Amino acid sequence: MDSITTAASVVAAGLAVGLGAIGPGIGQGSAAQGAVEGIARQPEAEGKIRGTLLLSFAFMESLTIYGLVVALVLLFANPFAG
Amino acid sequence: MLAESQYQPAGDPLDRGELTVGTPIDANSSPEIAEKLASSSAVQKNSLDEYVHFQRRIFFATIVVSAIAVSISFFWFPISTSSSLLIGALCGVLYLRLLARSVGKLGKSSKTVSKIQLVIPVLLVLGVSKLPQLDLLPSLLGFLLYKPSLILQVMLESSNQEESKH
């Protein structure tokens, strides 16, 4: 793998993780805030709120995982490495 | 200034923004308060039991979907592909378990959702890239098998709720 490909892969890996984590991070924060407020207001609905929060976290965090996987593939199993 | 310092507003202290602390309520002294506290804690326990049941249903659905996908892949694809799918599915179940645990801890023992579950896909990709017997793409597909099971579970629950309404 030549040096330009290596440098581009490292930069792309950093951008993939960094940019891919912004949106899910904001979304998870607001979802957790809403869930904790809802549990504090309605403790009898805690189970349903936590279940919904688990589902939303699972779908939100998969976006972070996509970026993470792309970054790891670029770093450790690079398909552009000649 | 002097007139303002002399002025004492009348009325309710709460309307003036003052907080008055009354005598603490002893739950043992009043049986009604103790009964209300006991009933609210029982409701909260039932709600948490509901969350535990929901977790179990999700894990069961994930394991069933993973078993079906792995058994189909054993017939159609080579053994390395199906073993990669199996390892990815096991990592997906473990990831979902860690995520459910961190969501369960939210608001009780931790203020934020922990990110320890993200170690699982990192270890999976690193392990698959280091081991030549395993393939990357099937293991990632196996890891993401928890998503169809979650969608399936949500659809089943919503259809059950609609049936119970009618």
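Chain letters run A, B, ... following the sequence lines, proteins first and then strands; every chain starts at 1. From a predicted model like this one, the values you see are computed outputs, not experimental measurements.
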Review point. Of all the residues in residues 22-38 of chain A, which have a heavy atom that comes within less than 4.5 Å of a heavy atom in chain B?
Key: A/Gln28, A/Ala32, A/Val36
Point to revise | Residue list, ring-ring contact (aromatic ring centres under 6.0 Å, His included) with B/Phe143, at least two apart or on another chain | key: B/Tyr95, B/Tyr146
Review point. Which of the residues B/Leu124, B/Val128, B/Val52, B/Leu99 is involved in the greatest number of heavy-atom pairs with chain A at under 4.5 angstrom?
Key: B/Leu99
Practice item. For the pair A/Arg50 (side chain) and B/Leu106 (backbone), establish whether a donor and an acceptor sit closer than 3.5 Å, ignoring hydrogens and angles. Key: yes
**Study point:** chain B contacts, top residue of A/Ala58, A/Ala40, A/Ala71 (heavy-atom pairs, under 4.5 Å)
**Key:** A/Ala58
Check your understanding: Should we say atom CZ of B/Phe77 is surrounded by more than 12 heavy atoms from elsewhere, each under 6.0 Å from it?
Key -> no
Review point. Linking I/L/V/M/F/W/Y whenever their side-chain heavy atoms sit closer than 4.5 Å, directly or via other members, would A/Leu72 and A/Leu63 fall into one cluster?
Key: yes
**Study point:** chain A contact via B/Gln153 - side chain, backbone, both or neither, heavy atoms under 4.5 Å
**Key:** neither
Practice item. Check whether any side-chain heavy atom of B/Tyr51 lies under 4.5 Å from a side-chain heavy atom of A/Glu46, and answer yes or no. Key: no
Exercise for review: Assess whether atom CG of B/Leu131 is packed by more than 12 heavy atoms of other residues, nucleotides or ligands within 6.0 Å.
Suggested key: yes
Point to revise | Shared hydrophobic cluster, B/Ile120 / A/Leu75 (ILVMFWY, side-chain heavy atoms < 4.5 Å) | key: yes
Review point. Can we say B/Lys115 and A/Glu61 salt-bridge, meaning some charged N sits less than 4.0 Å from an Asp/Glu carboxylate O?
Key: yes
Point to revise | Engaged part of B/Leu136 at the chain A interface, taking heavy atoms whose separation is under 4.5 Å | key: side chain
Check your understanding: Looking at side-chain heavy atoms only, is the closest gap between A/Tyr66 and B/Leu144 below 4.5 Å?
Key -> yes
Point to revise | Whether over 12 other heavy atoms sit under 6.0 Å from B/Lys147 NZ | key: yes
Review point. Got a second to check how far B/Leu150's CG is from A/Phe59's CZ, nearest 0.5 Å?
Key: 5.0 Å
Check your understanding: With a cut-off of 6.0 Å (strictly less than), are more than 12 heavy atoms of other residues, nucleotides or ligands near CG of A/Leu19?
Key -> yes
Study note, to complete from the structure: Answer key: most heavy-atom pairs under 4.5 Å with chain B among A/Leu53, A/Leu68, A/Ile65, A/Thr64 is A/Ile65
Check your understanding: Is B/Phe60 reachable from A/Leu55 through a run of hydrophobic residues whose side-chain heavy atoms are each under 4.5 Å from the next?
Key -> no
Review point. Considering only heavy atoms from C-beta outward, does the side chain of A/Val69 approach that of B/Val122 to under 4.5 Å?
Key: no
Review point. Under 4.5 Å between side-chain heavy atoms, hopping through other hydrophobics if needed: is there a path connecting A/Ile4 to A/Val11?
Key: no
**Study point:** Shared hydrophobic cluster, B/Leu96 / B/Ile87 (ILVMFWY, side-chain heavy atoms < 4.5 Å)
**Key:** yes
Point to revise | Side-chain heavy-atom pair A/Phe76, B/Val125 within 4.5 angstrom cut-off | key: no
